[in-house]
Amino acid sequence: MLVQVPKGTNDILPAQIDYWYYLENIIKEVLQNFGYREIRTPVFEYTELFVRGIGETTDIVAKEMFTFSDKKGRSLTLRPEGTAPVIRAYLEHNLSRENPLTKLFYIESMFRSEKPQAGRFRQFHQFGAEAIGSPLPIIDAEIVVAALFIFQKLGLTDLTLHLNSVGCKQCRPKYLDALRDYFREKKAQLCADCQLRYETNPLRILDCKKEQCRVIVGKCPSIFKYLCRDCAAHFDALKVYLDKLGITYQINPFLVRGLDYYTKTAFEIISGELGAQNAICGGGRYDYLAEELGGKPTPGVGFAAGMERVLMTIIKQNIEIPLWGGIKVFVAVTGQDGVNTALEIANQLRSAGVAADMDFLGKSLKAQLRMANKLQIPYVLILGPDELKENAVLIKDMEEGTQETVSLKNILFHLKSLILKNKI
RNA sequence: GUGGGCGUAGCUCAGUCCGGUUAGAGCACUGGAUUGUGGCUCCAGUGGUCGUGGGUUCAAAUCCCAUCGCUCACCCCA
C-alpha cells in the first residue's frame, strides 16, 4: 500500500496554489493597511500555555490537542489556535514597550485532533489579528471591520455577523448563577452533555443544537439583563460604532465561543455558502488572558478565520482569482548540439524576467511543440542544426502559427517587444 | 468518540442486484500517419493484485465475514 497523508491533513497542490496566494496577499495587504504587523510563532508550545489560556474544560483542551513529550519529558502541544501563542510572544518580548497598543496578525497552520468532515481538518490554516493594549470598544469595532474588510475585498457575499457580549468577572458569575437557577429544575430534561455543562460551564448550554435543549434555552434569562454597567456600555458603544459604519449585524445572545478567555465582545461571521461548518471567522475580547499567562493585566481583542472555509466560499461563489501567468517562451531543440545553446538562451531569458522553459526528457521536436501547445506557451524558439550554423533561432508564434528567423543577438529584444505588444 | 454513504486504470465512471472465458468506456498519457513543426482527425500503445485479508464455490469485482481508507453528519469549532 502507498503511504498516504495522515487523516485530516491535505496537500496543497500547484493546481490550488493560486487560491492561497490570492488569499494570503489580500490578508497581508488589508491588515497592514490597518497597521497590523505579521508575527510568526512556533508550531508547538508548552502544553501549559493552552491549558491556562484556553481553559481546561474547553473541548479544544479536553479532547482535541496533539500533545507529545520531548526527551526530557516536557509536554508540548501543536498549536490548536493562534491567540494564546501571540499573547505569549507579546509578553515574552515586552512588545508593549514600543507601543502601548500593539497590532499583530498571523497566517499559520493550526492542529486539532478531531474527526474530519467538510470544512474541518486536523491541520488547517487560520489567519487572525490581535489588537493588544486597549480596553476601549472602538478597537473592538476596528477588529470586526478589519475582518469584514478582508472578506469584502476577497469578494465574499452572503455573510452574517453575529454579535454578543459574554460579560466580565463582575457580571458573568451573576449571570451563570441566574442560568443555574433557571436550569436547576429543568436539568433532567437536558441532554447528557448539557447536564455536565450545567456543572462546568452553563453558558455552553446556550448553543447546544439539540431540540430538547433549545426548547428550554429559548426561555432562559438573557445575559443583557445581567451585564454590569461597564460591559453594557462597552457593548452599546460597539454597536454605535458599527451602526455608523453601516455594518449590519445580528445580536445573538446564544453566541458562546468555545474558548474560556473571551470577555465582553464575542462575534462570529457565518457564510451562507457552506454546509454544517459555516463559521468562517470568530473572535472577541480577552481582557484576562495576559494575566492567566502570567503577564501583567493587558486588555486585548482579536479574530481568527479559517482559510480552508474561506477558500471553499470563494470556490462556491465562483470568484475569479488571478492565475499564474505561465511560461512565455519554450526553447525547443532538435539534435544534440543545440542543447547547451538552448540552456544558455533559456537562462538569458529568465535573467531578463521572461518565464522560459525547455525540454528535459529528450523528446522529439514534434513532442516538444505538443507540450508547448498543451501548456499554452505563446512562443517557441526552435534551435536546430541549420539555425546553429547561422547563430540564429526560429521564433514561432503559437497562436498565429507564423515563424521567423532571428539572430541569437536579437532574440531577447525581439521577444520582449512581442510579449509587450501582446500584453501577455 | 458515535452514526450513515462509498472504495473497479492518473481522472469520471460502467459491470455488482440474478457469480461464469484474457475486467471495459471516455478523458488524460506515450508513440505513429515519409525528411525539422503544436492544435483537428485517424491508428496503435502504456496503465488495474477490482482497497486489504479471510470464507463459500468447480468458478468471486460480483455472495458472506473482518479490516483499512475516503466521505458526510453528530459533539464542537475555523
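All values reported here derive from a predicted model rather than from experimental measurement.
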Trainee: Below 4.0 angstrom from OP1 or OP2 of B/C77, is there any side-chain N or O of A/Gln277?
Mentor: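 For B/C77, OP1/OP2 do not have a side-chain N/O of A/Gln277 under 4.0 Å.
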Trainee: So does A/Asp359 get a backbone contact from the side chain of A/Gln368, meaning a donor-acceptor N/O pair under 3.5 Å?
Mentor: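 Checking the backbone N and O of A/Asp359 against the side chain of A/Gln368, no donor-acceptor pair under 3.5 Å is found.
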Trainee: Which parts of nucleotides 35-48 of chain B does protein reach within less than 4.0 Å, heavy atoms only, written one letter per nucleotide 5' to 3' as B for base, S for sugar-phosphate only and - for none?
Mentor: -BBBB---------
Trainee: Report yes if the side chains of A/Leu161 and A/Thr248 come closer than 4.5 Å at any heavy-atom pair, otherwise no.
Mentor: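 No; the side chains remain at least 4.5 Å from each other.
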Trainee: For B/C29, which nucleotide is its Watson-Crick or G-U wobble mate, given both distances must be under 3.5 Å?
Mentor: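 In the structure as shown, B/C29 has B/G45 as its Watson-Crick or wobble partner.
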Trainee: Roughly how many Å apart are B/U62 and B/G51, using the P atom of each and rounding to a whole number?
Mentor: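 Each nucleotide's P atom is 8 Å from the other's.
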Trainee: Hunt down the Watson-Crick or G-U wobble partner of B/U52, both distances under 3.5 Å, from any strand shown, or write none.
Mentor: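 WC or wobble partner is B/A66.
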Trainee: Work out how far the P atom of B/C68 is from that of B/U52, and round it to whole angstrom.
Mentor: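 The answer is 15 Å between these two P atoms.
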Trainee: Examine B/C74: is either OP1 or OP2 under 4.0 Å from a nitrogen or oxygen in the side chain of A/Gln117? Give yes or no.
Mentor: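 Result: yes.
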Trainee: Is it the case that A/Asn373 and A/Arg370 place a side-chain donor and acceptor less than 3.5 Å from each other?
Mentor: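 No, because no side-chain N or O of A/Asn373 sits under 3.5 Å from a partner of the opposite role on A/Arg370.
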Trainee: Which whole number of Å gives the distance between the P atom of B/G53 and that of B/G32?
Mentor: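 Those two atoms are separated by 39 Å.
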Trainee: Provide the distance between the two C1' atoms, one in B/C63 and one in B/G15, to the nearest whole Å.
Mentor: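 To the nearest whole Å, 16 Å.
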Trainee: Find the partner of B/U57: check Watson-Crick (N1-N3 plus N6-O4 or O6-N4) and G-U wobble (N1-O2, O6-N3) distances, both under 3.5 Å, and reply none if neither fits.
Mentor: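 Its partner is none (no Watson-Crick or G-U wobble pair with both distances under 3.5 Å).
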Trainee: Using 4.0 Å as the upper bound for N to carboxylate O, is an ion pair formed by A/Asp181 and A/Arg184?
Mentor: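 Judged by the 4.0 Å cut-off on N to carboxylate O distance, A/Arg184 and A/Asp181 do form a salt bridge.
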Trainee: Side chains of A/Glu273 and A/Thr313: donor-acceptor distance under 3.5 Å anywhere?
Mentor: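 There is no such pair (donor and acceptor under 3.5 Å, judged by atom type) between the side chains of A/Glu273 and A/Thr313.
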Trainee: Please state how far atom NZ in A/Lys7 lies from atom P in B/G69, giving the value in whole angstrom units.
Mentor: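 A/Lys7 atom NZ is separated from B/G69 atom P by 6 Å.
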Trainee: Roughly how many Å apart are B/A9 and B/C17, using the C1' atom of each and rounding to a whole number?
Mentor: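 My reading of the C1' atoms in B/C17 and B/A9 gives 25 Å.
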Trainee: Between B/A78, B/G1, B/G31, which one does the side chain of A/Lys115 approach most closely?
Mentor: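 For A/Lys115, the side-chain atoms sit closest to B/G1.
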Trainee: Is any side-chain N or O of A/Lys363 closer than 4.0 Å to OP1 or OP2 of B/U30?
Mentor: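 Yes, because at least one side-chain N or O of A/Lys363 sits under 4.0 Å from OP1 or OP2 of B/U30.
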Trainee: Quick one: look up who B/G3 pairs with, Watson-Crick or G-U, both distances under 3.5 Å, and put none if it's unpaired.
Mentor: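 B/G3 is paired, partner B/C72.
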Trainee: Decide, yes or no, whether a salt bridge links A/Asp357 with A/Arg350 under the criterion of side-chain N to carboxylate O below 4.0 Å.
Mentor: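 So A/Asp357 pairs with A/Arg350 through a salt bridge.
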